[in-house]
Structure formats: structure tokens, C-alpha cells
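Inspection log for the structure reproduced underneath, given as C-alpha cells.
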Amino acid sequence: MHQAPAMDDGRTRNRLRPWIWGGAAGLLALPAIAMRWFPASGVDWRAGDFVVMGALLAIAAGLYELGARSSARLAYRAGVGLAVLTGLLMVWVNLAVGMLGAEGSAPNLMFAAVLLVAIVGALVARLRPAGMARAMAMAGNAQLLAVALAAALGDYRGNELVLSGCFALPWFASALLFRHAAAHRG
């Protein structure tokens, strides 16, 4: 008799947990190390900077944990990791220097909409691989749309637009990983 494949119950062990959380702690420690032992580096973080970055890293690590619990499939977990990393880097770049113009310029708010597309898409998909593939593809398209709108409406250097557009690539790669996970669901 044919037995149905075991479903992933979401309680699979995440062997990357210590590396994810340790890496986040290490990243947060780097500016303190630079300020203490390499003052010529120009790193000058205040307490608020550490709090914001600590919160961002904790959210990113927590989101990866949530995603890793959703499936034991390597492609799925890689898709989650790539999507979370892309979102983290977008926020980090926007807070540090701004993706387009200065960090406070209004067009940078369009990239918050990209994150919103990814988050709402993931919620609507209920973290299922096929839906996650669609959500991350939509985030990649939203990234390209934001860059196209900025190019049409603003006066930005070409390298800013190209680099901002390059953030669509990991969104699309994440979509492909989720699609692979959906196609190979036991």
C-alpha cells in the first residue's frame, strides 16, 4: 500500500540558529569594536544607532526562525534567508545613506512599499512555498517599479538607480528558491 509522505510539522531542528544569532550579535559588535580600537575608521555610532540596529537584526533573525520552522526543505529555508537578508539590507542602506539621494529623501519611502509587498504577500501566502514564490516575485517587480518611478520623477545618478535596481535580483532569486521548494514538496 502506498503511504503518504510525511508532512513537515514545522518543528524541524534549525542547525543554523547559533550561526544566525551569533552572526547578528557579531555584526552589532563591529561598530563598537571599530570605535574603540580603530578610531580613524570614522565609525561614530550613538546608543540609538545600536538600539535600532539591534532591533533590526533581532527582527531579521526572528523572521528567519519563523521561516525555518515552516519547512525543513533547504530551498525553502534558503528562500526565507535570502528574502530576510534582502529586506534587512534595504532597510540598513536606507537608514545609513539612502538608496536614492540622502537617507531622508522622500523617494526612499518607495522601498518601504517593496517591503510591504513582501510582508503582505508572505502573510497572504501563509508561508506556503508556491505563494511565497509569487510574493517574492512581486517584491522584485515592486523594487524595479520603484526604481523606474524614481528615474522618471527624479534627478538621480545612474549608479544609484542601477544599485537600487540590483536589489530586485535577490527578491527574484528567493522566488525561484520558493518555486523549487513548491515543486519538490514530498
Side-chain angles (χ1 to χ4, degrees), residues 2-24 27 56-95 99-100 107-152 159-186:
H2 177 69
Q3 191 174 9
M7 294 298 291
D8 182 8
D9 65 2
R11 291 179 288 190
T12 56
R13 186 163 184 263
N14 181 5
R15 291 185 179 115
L16 292 179
R17 175 178 289 140
W19 293 100
I20 299 295
W21 290 99
L27 278 175
L56 285 174
L57 290 169
I59 289 168
L63 286 172
Y64 177 77
E65 286 276 340
L66 176 67
R69 289 178 186 214
S70 298
S71 177
R73 296 251 178 235
L74 180 60
Y76 186 93
R77 287 181 174 195
V80 168
L82 189 54
V84 168
L85 182 62
T86 304
L88 172 69
L89 290 175
M90 277 183 48
V91 172
W92 191 354
V93 168
N94 253 329
L95 289 175
M99 293 192 64
L100 298 171
N108 286 321
L109 291 176
M110 290 188 295
F111 299 108
V114 174
L115 288 176
L116 189 61
V117 166
I119 292 167
V120 169
L123 292 173
V124 168
R126 294 172 43 193
L127 302 178
R128 292 186 187 122
M132 292 294 286
R134 288 188 294 276
M136 296 310 112
M138 288 189 307
N141 286 323
Q143 182 81 29
L144 293 176
L145 178 61
V147 172
L149 286 172
N159 63 338
E160 287 179 311
L161 295 169
V162 169
L163 290 173
S164 297
C166 284
F167 271 83
L169 295 173
W171 290 121
F172 290 132
S174 178
L176 290 173
L177 287 164
F178 284 120
R179 185 185 308 169
H180 180 77
H184 295 91
R185 273 183 88 170

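Index from 1, following the sequence.
In this structure the side chain of R17 reaches within 4.5 angstrom of the side chain of E65, judged on heavy atoms. Residues L88 and L57 have side chains in contact (heavy-atom distance under 4.5 Å, counting atoms from C-beta outward). W171 has its side chain out of reach of L144: every pair of non-hydrogen atoms, C-beta onward, lies at least 4.5 Å apart. Between I59 and V84 the shortest side-chain heavy-atom distance does not fall below 4.5 Å.
Here the closest non-hydrogen pair linking I20 and A61 is CG2-CB, 3.8 Å. P170 and L82 make their closest contact through O-CD2, 3.5 Å (heavy atoms, listed as atom of the first residue, atom of the second, distance). Across all non-hydrogen atoms, the minimal contact from A83 to S174 is CB-OG, 3.6 Å. For A146 against V114, the heavy-atom pair with the smallest separation is CB-CG2, 4.5 Å. Nearest heavy atom pair, residue M136 against residue A118, reads CE-O, 3.8 Å. Considering every non-hydrogen atom in both A182 and A130, the closest pair reads CB-N, 3.6 Å.
For residues 110-129, the set of pairs meeting the ring-ring contact (aromatic ring centres under 6.0 Å, His included) definition, not counting sequence neighbours, is empty. The stretch residues 67-94 participates, sequence neighbours left out, in these ring-ring contact (aromatic ring centres under 6.0 Å, His included) pairs: Y76-F178. Applying the ring-ring contact (aromatic ring centres under 6.0 Å, His included) rule to pairs touching residues 119-145 yields nothing, sequence neighbours excluded.
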Trace of the side-chain contact (heavy atoms from CB on, under 4.5 Å) decision for M99 with L163: CA-CA 8 Å; M99 293 192 64; L163 290 173; over 6 Å; no
L74/L177 under side-chain contact (heavy atoms from CB on, under 4.5 Å): CA gap, chis, key distance, verdict: CA-CA 9 Å; L74 180 60; L177 287 164; over 6 Å; no
CA sep, side-chain torsions, deciding dist, call: Q143, M90, side-chain contact (heavy atoms from CB on, under 4.5 Å): CA-CA 10 Å; Q143 182 81 29; M90 277 183 48; 3.2 Å; yes
Test log, rule side-chain contact (heavy atoms from CB on, under 4.5 Å), inputs L85 and Y64: CA-CA 9 Å; L85 182 62; Y64 177 77; over 6 Å; no
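Atoms CG and OG1, from L115 and T86 in turn, are 9.5 Å apart once rounded to the nearest 0.5 Å. In this structure, OG on S70 lies 11.0 Å from CZ on R128, to the nearest 0.5 angstrom. N108 contributes atom CG, which lies 4.0 Å from atom CG of N94 (distance to the nearest 0.5 angstrom). One distance of note links CG of L149 with CG of L100; it measures 11.0 Å at 0.5 Å rounding.
When atom types are taken as modelled, the side chain of R77 and the backbone of S71 share a donor-acceptor pair closer than 3.5 angstrom. With hydrogens and angles disregarded, a donor-acceptor distance shorter than 3.5 Å links the side chain of S164 to the backbone of E160. Checked by atom type and distance alone, the side chain of R73 pairs as donor or acceptor with a backbone atom of H184 at under 3.5 Å.
Within 6.0 Å of atom CG in L169, more than 12 heavy atoms from other residues, nucleotides or ligands are found, so the atom counts as buried in its surroundings.
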